[in-house]
Amino acid sequence: MSVCLSARGLHLAFGGVRAADGIDLDVMTGEFLAIIGPNGAGKTTFINMTTGYLKPLAGSITFSGQSIIGLTPRRIVELGIARSFQLPQVFLEHSVLENVALAIAARTGFWKPSRPLLSPDVAAEAHDIIAKFGLADIADRGADTLNEGARKLTDIAMALALRPRLLLMDEPTSGVAAADKMEVVATLARVLREAGVTAVFVEHDMEVVDRFADRVAVWSQGRISALGTPGAVLSDPRVQRDVIGTRLVEAPHASA
Amino acid sequence: MMRAREILVAAVAAAAILLLTLAVPWLRFVFTIAIAKGITVLGILVLLRAGQVSFGHALYLSFGAYIVAFAAPFCPEALLLLPLAALGATLLGLVIGLFVSRYRDIFFGMLNLALSMVFYSTLEKFYSITHGTDGIRLARTTFLGMTLTPETQAWTALGLALLLAAVFAILVRIYLESPMGHGLSAIKTREARLEFMGISAQRVLLAAYVLSAFMAGCGGFIVAMATRQVTPSLAYWTASGELVFIAILGGTGSVLGPFLGAIAYELTRVYAAALFAEGWQMILGAVLLLVILFAPGGLWSILRRMARQRVGRDARP
């Protein structure tokens, strides 16, 4: 298995907070890698550095062997890295269908003023993607009228419509109704596996991590404190205490 | 179908303008200027889709008009002066657009205002070239080789204005339906996402800006042809404000809005000035206030609401 994304010695600090304090990580082609860890551990910072939004103070990131440090987000998208957002970033004056169609157009030909956005082939592909995410019923709804879960799925659908080789997802299931969550992730996982997309996702739901991740990386104060298969990492006492432990204690309260 | 109705409304309006002009000759000038402004406001509408308000677009209109005034003695053919004015305004729009498309909101608006005032001052101060506030009298022009009299020139200006208005309305409508057009409102709501889809938001806005400069240049040509005298006041900031005023008055929901707004504006101005020589601005202000309060979508939205009620009534058994 080849290395898809490789990070070496990433350092970044915001004032006194070390958001990345020596991150070394290899993401293998085709794998699903989950990132877990407490708030403020630097998980989103890693995604922001990988997509060109933030530039590390030191270290290197290569994608398929090519350095992407210093490249703009736009250039990195062209190389084949897409992302979805913790807070969904959708175009609020557009419908779900148009949002996805804009992403498809961005990939297939954006600069043709004579071709309508919803040309037959783009519209067909958009409907196809929307159906995969179970959003067909609300395809024509304005994005500003959606609930958080639907907005989140639209956001991910837009990233996937770019047909990336690597997809970075920041908390893809937060905001999605608990009852639908597993079904949504299963669908998402199937779509990604079919397309052969490598996926890195930040996740707080350990059940999702356990079921869908090939490997888990545990973030802690800007470092990776554990890395391995879900079975090994999630049963590690240290990880249970620092990352999952509090959740297990909280769980009875939440269900009570 | 919305599109069919828009075309019908436009055709009826164009016919009405021609008939009214034949019946009431002095309206010809009013309508010609209104349509020239409408074409320019169409460019403002495109920028408004991206949430950006230019308070300096009279720059491109006046630039086009001055190109016509400067070039007419050497090249009197109207059909050459038109592309010359359009090209000049487009190039200026490209150079300035590369700069201002990096800015948003109040900075975008104010930079446009500042640059238009720089041009105004240039026109006013370089008396030996521009004749200052006296302006330049347009040399005699020709149309397809035929020398135009003041009378035929006025008809030529109106005819070309109507033709350009129709062409631009159709083109802008197609453009707004394209990904580039939809990209404008994407800039308004989530500009960063465009970048994360591999699309340069700045380039989306620049394309719109250059298009708006191009149309304003054509508007400037018509103004020069109709008034036969170009003065720096064309570039003054109140002229730019007037364009934004018309955009809001007409509404941004349709490409016909700017023309509706421009005609309503010019007619209101003419009649208000005739009734209250000193207070016509007050009447214009009151009209805009009423529109903003009771029809935020502009005159176009009022028209559409009326049409819809009519359809609803007819449909009832």
Side-chain angles (χ1 to χ4, degrees), chain A residues 47-48 50-53 71-85 87-95 97-119 122 142-144 151 154-155 158-164 167-168 170, chain B residues 1-3 42-43 45-52 90 101-102 167-215 252-253 255 296-297:
Chain A
I47 290 183
N48 281 339
T50 310
T51 51
Y53 186 72
L71 298 184
T72 60
R74 238 185 296 146
R75 184 81 193 92
I76 289 174
V77 170
E78 282 167 19
L79 292 175
I81 301 179
R83 72 170 292 185
S84 69
F85 296 80
L87 296 172
Q89 301 286 307
V90 296
F91 304 122
L92 294 173
E93 282 187 359
H94 289 101
S95 68
L97 183 71
E98 287 167 335
N99 267 285
V100 176
L102 270 165
I104 295 169
R107 187 192 84 227
T108 59
F110 193 86
W111 306 102
K112 291 177 189 151
S114 60
R115 194 180 75 164
L117 172 66
L118 293 173
S119 62
V122 171
D144 56 339
R151 218 175 272 189
T154 305
D155 184 289
M158 289 165 77
L160 201 62
L162 299 170
R163 291 203 186 151
L167 179 61
L168 301 151
D170 201 348
Chain B
M1 191 61 204
M2 196 61 210
R3 189 179 306 173
L42 200 52
L45 175 144
V46 168
L47 294 172
L48 278 173
R49 287 286 170 103
Q52 306 306 315
T90 306
S101 64
R102 306 167 72 94
V167 170
F168 285 143
I170 293 167
L171 287 182
V172 168
R173 205 179 190 293
I174 293 171
Y175 163 75
L176 288 177
E177 282 303 308
S178 76
M180 287 170 77
H182 281 280
L184 291 169
S185 86
I187 288 179
K188 187 156 100 186
T189 56
R190 277 287 184 268
E191 176 167 351
R193 183 65 190 244
L194 272 185
E195 298 284 333
F196 281 102
M197 298 195 324
I199 299 298
S200 161
Q202 194 195 331
R203 208 195 291 174
V204 173
L205 188 59
L206 177 63
Y209 193 85
V210 172
L211 174 68
S212 72
F214 170 72
M215 291 192 291
T252 57
V255 291

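Chain naming here is simple, since letters A, B, ... match the order of the sequence lines and numbering starts at 1 in each.
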Participant: Please look at A/Leu92 and chain B and tell me whether the side chain, the backbone, both or neither of the residue comes under 4.5 angstrom of a heavy atom of that chain.
Facilitator: both
Participant: Just so I know, are the side chains of B/Phe196 and A/Arg83 near enough to count as touching, which here means a heavy-atom distance under 4.5 Å?
Facilitator: yes
Participant: Got A/Trp111 and B/Ile199 here, is their nearest side-chain heavy-atom distance under 4.5 Å?
Facilitator: yes
Participant: To the nearest 0.5 Å, tell me how far B/Arg190 CZ sits from A/Asp155 CG.
Facilitator: 9.5 Å
Participant: Hey, what do you get for CD (A/Gln89) to OG1 (B/Thr189), rounding to the nearest 0.5 Å?
Facilitator: 10.0 Å
Participant: Contact part of A/Asp144 toward chain B, heavy-atom cut-off under 4.5 Å: side chain, backbone, both or neither?
Facilitator: neither
Participant: May I ask you to test the A/Lys112-B/Pro179 pair for a side-chain heavy-atom distance under 4.5 Å?
Facilitator: no
Participant: Heavy-atom distance under 4.5 Å to chain A: side chain of B/Leu194, backbone, both or neither?
Facilitator: both
Participant: Which pair of heavy atoms, one from B/Gly198 and one from A/Glu78, lies closest together, and at what distance?
Facilitator: O-OE2, 4.3 Å
Participant: Where does A/Val90 contact chain B at under 4.5 Å (heavy atoms): side chain, backbone, both or neither?
Facilitator: backbone
Participant: Do you know which of B/Lys188, B/Arg203, B/Glu177, B/Arg193 has the most heavy-atom pairs under 4.5 Å to chain A?
Facilitator: B/Arg193
Participant: Rounded to the nearest 0.5 Å, what separation is found between the CZ atom of A/Arg75 and the OG atom of B/Ser200?
Facilitator: 14.0 Å
Participant: Look at A/Leu162, A/Val77, A/Leu117 and state which one has the largest set of heavy-atom pairs under 4.5 Å with chain B.
Facilitator: A/Leu117
Participant: Is any side-chain heavy atom of B/Ser178 less than 4.5 Å from a side-chain heavy atom of A/Arg115?
Facilitator: no
Participant: CG/A/Leu118 to NE2/B/His182 distance, rounded to the nearest 0.5 angstrom?
Facilitator: 6.0 Å
Participant: Could you list which of residues 100-110 of chain A have a heavy atom closer than 4.5 Å to any heavy atom of chain B, in residue-number order?
Facilitator: A/Leu102, A/Ala103, A/Ala105, A/Ala106, A/Gly109, A/Phe110
